[in-house]
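For clarity, every value in this text was computed on a predicted model and none was experimentally measured. Order of the sequence lines fixes the chain letters, A, B, ..., with proteins taken first and strands second; residue numbering starts at 1 for each chain.
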Protein chains: 2
Amino acid sequence: MNKRRITSKELAKLAGVSSATISRAFSPDSRIGSATRDRILAVAREYGYQPNAIARSLNNQRSRLVALVVNAIGNPCEAEEQQLLVHRLQARQLLPIILCCADHDDRLQLMRLASTYQVDHVVVFSDMVSMQDAVDIFHTTKPIIVSFEPLENEKVSSIRIDGSAAADEIIDKIVTDGKKRFAYLSGTKSSWIDKLRRKWFADALARRGLTLQAEAFGDYGYDSGFKEAVLLLHRAKVDTIICGNDVMAIGARDAARRVLGKNTPDDIAIVGQDGIAMAAWDCNDLTTLSLDHAAFIDAVMELIERHDAELEGPHSITLTCTARWGSTA
Amino acid sequence: MNKRRITSKELAKLAGVSSATISRAFSPDSRIGSATRDRILAVAREYGYQPNAIARSLNNQRSRLVALVVNAIGNPCEAEEQQLLVHRLQARQLLPIILCCADHDDRLQLMRLASTYQVDHVVVFSDMVSMQDAVDIFHTTKPIIVSFEPLENEKVSSIRIDGSAAADEIIDKIVTDGKKRFAYLSGTKSSWIDKLRRKWFADALARRGLTLQAEAFGDYGYDSGFKEAVLLLHRAKVDTIICGNDVMAIGARDAARRVLGKNTPDDIAIVGQDGIAMAAWDCNDLTTLSLDHAAFIDAVMELIERHDAELEGPHSITLTCTARWGSTA
DNA sequence: ATGCAGTGTGTAAACGGTTACACAAATGAC
DNA sequence: GTCATTTGTGTAACCGTTTACACACTGCAT
């Protein structure tokens with residue numbers, strides 16, 4: 001019963017043709033008589049034959065595998081995009097391999113492992129991996145790398161994100177509401193995207209002659225948002241906390257309410273970033289600097305399709321964030 | 001610069017050995033002089049050589065790829081387990097391919113595609129795919145299938161989950177608190193696991209001479225929890241809603257509070273299932289029938305390792321759920 | 001009849017590794 | 001010094017496809 005999968009040679013014998021003809025029956029546009037093809041497909045169905053994708057990949061130099069480098073699977077701020085991307089890839093018959101690793105060295109190891117599988121594309125969702133590392137690891141092979149970090153390199157296509165206008169809108173509203181002392185709660189210390197996001201808000205404040213009064217660093221998780229907000233509110237008299245993502249914002253909101261007894265938006269304003277679905281839930285109703293996830297994934301797919309079609313070198317797309325209003329600011 | 005990856009034959013020439021020796025240098029236990037191996041590894045590093053995993057898989061009949069069939073990536077109730085499993089697989093140098101598809105026919109197509117990649121294992125997290133389909137699609141190849149559904153089949157190992165004791169505990173508490181009229185809000189109509197979970201609670205009620213007064217079906221998402229709870233509370237005078245998962249429970253709690261003005265646990269009791277991290281957040285603080293995710297993934301890995309080690313046929317493991325207390329019931 | 005384009009099929013060589021087998025050299029036992 | 005064993009390496013076949021090339025055949029214009 002542990003029957004080995006039937007091979008094209010065996011099927012060829014059964015159908016009374018050569019294995020080359022079997023192969024042709026499964027390639028849409030190849031010189032083959034339509035009667036022969038129909039007969040082969042019938043026999044194939046009967047014996048449950050399917051061409052072996054591994055062998056095909058070896059020959060083709062095209063694996064149809066795509067490596068997705070992500071920070072985490074559980075974290076909702078990336079999950080929505082991951083989900084969309086996976087669907088889009090699958091629709092193009094591309095199979096996503098997930099690379100997910102907290103530790104830096106392990107991650108490099110993992111990327112090296114994936115590169116031996118001759119993946120056709122690499123999408124780096126994580127801002128924890130340096131683009132230079134990614135290029136070094138994948139440079140001997142074909143894949144184009146799609147990432148946020150705009151590295152000037154012939155192998156890297158990137159998607160730039162601009163949230164400065166939306167940050168300005170949000171700060172405008174908060175200042176109008178009378179808030180005066182702002183804190184920024186970063187996702188991580190080393191993250192490239194986090195620095196960028198912070199700059200949008202810092203610049204928006206600077207334009208009004210204001211500055212950040214306090215700062216803290218978390219890990220993009222709820223608990224860190226909660227804990228850092230408690231410390232922050234004890235340390236500095238701030239009336240606004242801008243958070244690195246929505247999950248930390250929810251943590252900060254809970255901390256303010258539970259530990260300090262402060263409510264949004266009157267006592268304190270809380271701002272998230274990402275615009276995940278959960279932020280709009282009735283119990284959260286977060287004001288957040290939001291990215292259009294569908295548009296983002298459209299952009300990723302556009303870059304991948306460009307590369308598939310062997311259009312020239314890398315390319316870059318810029319997306320603009322919008323403000324999404326809730327009751328927290 | 002689009003330099004092709006160097007092959008073992010080329011490296012062999014550079015190192016003055018045969019390609020067989022190159023291969024041996026990269027296999028931990030093979031007859032090779034240690035001086036030769038060191039020299040080869042040095043040259044390999046210099047030229048950035050790594051054995052091609054696709055070619056290796058073709059020869060080995062072992063791809064080190066694992067297909068993960070999931071309902072969704074974004075949904076937190078599965079995400080935590082997915083995350084853990086991915087880490088564990090990666091630690092064993094196994095690469096996870098994610099198959100994620102809402103539509104039934106597409107999902108079968110996708111599974112067929114993955115099966116052509118000669119995956120070594122298949123883990124079916126989704127209860128939306130019938131085990132019989134999975135067996136049919138993967139039966140010509142080696143993989144063992146790990147799933148929840150206890151199908152008696154020599155190719156399927158399964159993990160059974162028993163939450164009856166925990167459900168009993170939870171019902172006990174709720175009844176003691178004076179609640180009398182119970183509703184069950186299912187995740188989906190067709191889900192196998194959902195029927196099982198419902199039965200745990202229905203049995204616990206039956207033991208006390210009680211029955212479910214109302215039922216509804218959602219889709220495991222927040223919005224469906226919210227919407228169905230509103231309809232349910234208008235339709236029937238219930239004082240307890242047991243939900244198919246935590247996310248729907250949060251939706252139901254929000255609906256009760258926002259639309260009906262009912263608070264937990266006094267006006268209404270809400271029970272979730274899964275025990276996701278978010279359920280314990282301060283703003284949720286859900287009472288939930290919880291599964292130990294780490295233990296669950298331990299079990300999955302045990303089944304995979306059994307199969308890797310070519311131990312006999314399939315195997316089955318049973319896990320017990322526990323009650324996790326919050327302020328909603 | 002002759003030549004030529006077009007069609008359908010088979011043969012054999014890739015693709016990039018692994019490994020059974022063969023064989024030479026080194027080692028050790030007597 | 002002989003013989004058996006062990007160790008290290010090369011040769012060649014194989015894993016299951018695809019595809020360049022060759023060839024036979026058809027149909028059609030000359």
Backbone N/O of A/S191 and side chain of A/T188: donor-acceptor pair under 3.5 Å =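 Yes.
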[atom1] of [X] versus [atom2] of [N]: gap in Å, rounded?
{"X": "A/L58", "N": "D/dT18", "atom1": "CG", "atom2": "P", "result": "11 Å"}
{"X": "A/N52", "N": "D/dG16", "atom1": "CG", "atom2": "C1'", "result": "6 Å"}
{"X": "A/Q50", "N": "D/dT17", "atom1": "CD", "atom2": "C1'", "result": "14 Å"}
{"X": "A/I40", "N": "D/dT17", "atom1": "CD1", "atom2": "P", "result": "13 Å"}
{"X": "A/I54", "N": "D/dG16", "atom1": "CD1", "atom2": "P", "result": "12 Å"}
{"X": "B/R62", "N": "D/dG16", "atom1": "CZ", "atom2": "P", "result": "16 Å"}
{"X": "B/I22", "N": "D/dT11", "atom1": "CD1", "atom2": "P", "result": "13 Å"}

How close do [X] and [Y] get, counting heavy atoms only, and between which atoms?
{"X": "B/L89", "Y": "B/P96", "answer": "CD1-CB, 4.0 Å"}
{"X": "A/M111", "Y": "A/F138", "answer": "O-CZ, 3.6 Å"}
{"X": "B/A15", "Y": "B/V43", "answer": "CB-CG2, 4.4 Å"}
{"X": "A/A72", "Y": "A/C100", "answer": "CA-SG, 3.8 Å"}

Can you pull the contact range of chain A along DNA chain C, 5' to 3', using atoms under 4.0 angstrom from its heavy atoms?
->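 Range of nucleotides within reach of chain A: C/dT7 to C/dG16.
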Using heavy atoms and a sub-4.0 Å distance, could you list which residues of residues 24-37 of chain A are near DNA chain C? By number, please.
->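 Nucleic-acid contacts, sorted: A/R24, A/R31, A/I32, A/G33, A/T36.
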Contact class for [X] (heavy atom, under 4.0 Å): base, sugar-phosphate, or nothing?
{"X": "A/T7", "answer": "sugar-phosphate"}
{"X": "B/S18", "answer": "base"}
{"X": "A/T21", "answer": "sugar-phosphate"}

Starting at the 5' end of DNA chain D and moving along, which residue's nearest nucleotide shows up first, B/A20 or A/R56?
->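 The residue whose closest nucleotide sits nearer the 5' end is B/A20.
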Out of curiosity, A/T116 OG1 to B/R64 CZ, how far, rounded to the nearest 0.5 Å?
->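 So the OG1 of A/T116 and the CZ of B/R64 are separated by 10.5 Å.
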Salt-bridged, B/D308 to B/R62, with N to O below 4.0 Å?
->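 A salt bridge links B/D308 with B/R62.
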Any Lys/Arg nitrogen of A/D298 or A/R88 sitting under 4.0 Å from an Asp/Glu carboxylate oxygen of the other?
->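 Yes.
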If you find the nucleotide of DNA chain C closest to A/G16 and the one closest to B/Y49, which residue's nucleotide is nearer the 5' end?
->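 The residue mapped nearer the 5' terminus is A/G16.
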Using rotation axes that map the C1' atoms of four end pairs onto the next four (five pairs an end), what angle separates the end axes of the helix from C/dA1-D/dT30 to C/dC30-D/dG1, to 10°?
->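 Taking five pairs per end, the axes differ by 50°.
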Take B/R160 and B/I317 through the side-chain contact (heavy atoms from CB on, under 4.5 Å) test and state the conclusion after the steps.
-> CA-CA 6 Å; B/R160 294 161 204 243; B/I317 298 177; over 6 Å; no
Compare all side-chain heavy atoms of B/I97 with those of B/L99 and state whether any distance is below 4.5 angstrom.
->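 A side-chain contact under 4.5 Å exists here.
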With respect to the phosphate group of D/dG16, does any side-chain polar atom (N or O) of B/Y117 fall under 4.0 Å of OP1 or OP2?
->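 Checking D/dG16 against B/Y117, no side-chain N or O comes under 4.0 Å of OP1 or OP2.
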Taking the six-membered ring where the residue is Trp, are the ring centres of A/Y117 and B/Y117 under 6.0 Å apart?
->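 No, they do not, as the ring centres are separated by 6.0 Å or more.
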